[in-house]
Number of protein chains: 2
Amino acid sequence: MDVVYQYGQATAAEVLDALPDPPSYSTVRALLRVLEDKGHVRHRRQGPRYVFRPTVPREKARRSALARVVQTFFDGSSQAAVAALIDQSSLSGADLDRLEALIDRARQEGR
Amino acid sequence: MDVVYQYGQATAAEVLDALPDPPSYSTVRALLRVLEDKGHVRHRRQGPRYVFRPTVPREKARRSALARVVQTFFDGSSQAAVAALIDQSSLSGADLDRLEALIDRARQEGR
DNA sequence: GTAGCGCTGCTAGATTTCAAGCACCTTCGG
DNA sequence: CCGAAGGTGCTTGAAATCTAGCAGCGCTAC
């Protein structure tokens, strides 16, 4: 799923290449079929091959991904998660400016 | 693993309770044994039961977790990830103050 | 047109995981 | 001390996953 989300869409071959410790091509195809059975991806034909896309839109999926990480590793504290992220990211000055602006905006809304 | 990281340490019963769509107790025990075989957890005896702890410390694990989410869902942009996190979190004024202070500090360091 | 390449559909076997059940051990209460 | 409760070790079988291999389809180049 990570690969599909990262690429936006992906073929079996792309998934295979992108996977670390790569399994066999057969396995990837079986995996994608299972993911489709479970409703996590759809495929459409593109020329001779299948292109798989997630059924849950990226934005929604990343919300849950962030929420899960916050829950699992930061005891539910988003503030702590943001802090860790800023701390480990070495952001540029421009990035920091953008974040500061965002914080100001959040302050307005929270009022 | 999520459960173990969330609790810091956990017994088989705790993992079972914490799992959504709970599998059988046997399955949880097998799972923990496999995780131990793969080196992801260790156990030590506590009274009559086993308590499992992660081998990789929480802080290190959460760094990779964050990095993975950033990579998968934000095209590697931590700035975008932080923005999304702030946006979806409805943080308190005090939290926002703390983050602003952190941003200032990051600015100092990046200079 | 047709030969070749790449990809899918399908089958089948090996391996791994899921689950249940039972014997034995550790603790706790009376 | 002794029995009960709850946990683990182990075995066994069912189910799912991993993998290989082959036939057939769809493009592409010649």
Side-chain angles (χ1 to χ4, degrees), chain A residues 1-58 60-62 64-65 67-69 71-73 75, chain B residues 1-58 60-62 64-65 67-69 71-73 75:
Chain A
M1 284 311 301
D2 277 20
V3 176
V4 178
Y5 273 117
Q6 192 169 345
Y7 288 33
Q9 60 178 42
T11 65
E14 285 171 341
V15 171
L16 179 60
D17 294 344
L19 283 181
D21 200 28
S24 82
Y25 177 64
S26 296
T27 304
V28 172
R29 289 202 298 155
L31 170 64
L32 286 169
R33 187 170 38 73
V34 170
L35 286 177
E36 185 149 29
D37 286 347
K38 293 189 180 171
H40 296 120
V41 298
R42 288 184 217 288
H43 78 270
R44 66 173 209 278
R45 187 165 219 116
Q46 194 178 70
R49 84 212 64 185
Y50 287 177
V51 179
F52 293 84
R53 310 172 124 281
T55 52
V56 175
R58 202 188 197 210
K60 195 168 180 183
R62 72 190 187 190
S64 352
R68 174 187 151 274
V69 170
Q71 189 62 34
T72 300
F73 291 104
D75 305 312
Chain B
M1 284 310 303
D2 277 20
V3 176
V4 178
Y5 273 116
Q6 193 168 344
Y7 288 33
Q9 60 179 41
T11 65
E14 286 170 341
V15 171
L16 180 60
D17 294 343
L19 284 181
D21 200 29
S24 82
Y25 177 64
S26 297
T27 303
V28 172
R29 289 202 300 154
L31 170 63
L32 286 168
R33 185 169 41 72
V34 170
L35 285 177
E36 185 149 29
D37 285 350
K38 293 190 179 171
H40 297 121
V41 299
R42 289 185 217 287
H43 78 268
R44 66 173 208 278
R45 185 165 221 115
Q46 195 178 71
R49 83 212 66 185
Y50 286 177
V51 179
F52 293 84
R53 308 172 123 282
T55 52
V56 175
R58 201 188 199 212
K60 196 168 179 182
R62 72 190 187 191
S64 351
R68 174 186 151 276
V69 170
Q71 189 63 35
T72 299
F73 291 104
D75 305 314

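Proteins get letters first, then strands, A, B, ... in listed order; numbering begins at 1 in each.
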Can you see which heavy atom on [X] is nearest to which on [Y], and at what distance?
{"X": "A:R68", "Y": "B:R68", "result": "NH1-NH1, 4.3 Å"}
{"X": "A:V4", "Y": "A:F52", "result": "CG1-O, 3.8 Å"}
{"X": "B:V3", "Y": "B:V15", "result": "CG1-CA, 3.9 Å"}

Starting at atom [atom1] of [X], determine the distance to atom [atom2] of [N], rounded to an integer number of angstrom.
{"X": "B:L35", "N": "C:dT16", "atom1": "CG", "atom2": "C1'", "result": "14 Å"}
{"X": "B:Q46", "N": "C:dC25", "atom1": "CD", "atom2": "C1'", "result": "17 Å"}
{"X": "B:L19", "N": "C:dA19", "atom1": "CG", "atom2": "P", "result": "11 Å"}
{"X": "A:L32", "N": "D:dT17", "atom1": "CG", "atom2": "C1'", "result": "14 Å"}
{"X": "A:L31", "N": "C:dT16", "atom1": "CG", "atom2": "P", "result": "18 Å"}
{"X": "B:K38", "N": "C:dT15", "atom1": "NZ", "atom2": "P", "result": "16 Å"}

[X] vs [Y] side-chain heavy atoms within contact, under 4.5 Å:
{"X": "A:E14", "Y": "A:Q9", "result": "no"}
{"X": "A:H40", "Y": "A:V56", "result": "no"}
{"X": "A:S24", "Y": "A:L16", "result": "no"}

Q: Examine D:dT19: is either OP1 or OP2 under 4.0 Å from a nitrogen or oxygen in the side chain of A:T27? Give yes or no.
A: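 Looking at the OP1 and OP2 atoms of D:dT19, one of them is under 4.0 Å from a side-chain N or O of A:T27.
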
5' to 3', nucleotides 7-12 of chain C under a 4.0 Å protein heavy-atom cut-off (B base, S sugar-phosphate only, - none) gives SBBB--

For B:P22 and B:G47, find the nucleotide of DNA chain C closest to each by heavy atoms; which residue's nucleotide sits nearer the 5' end?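 In this pair, the answer is B:P22.
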
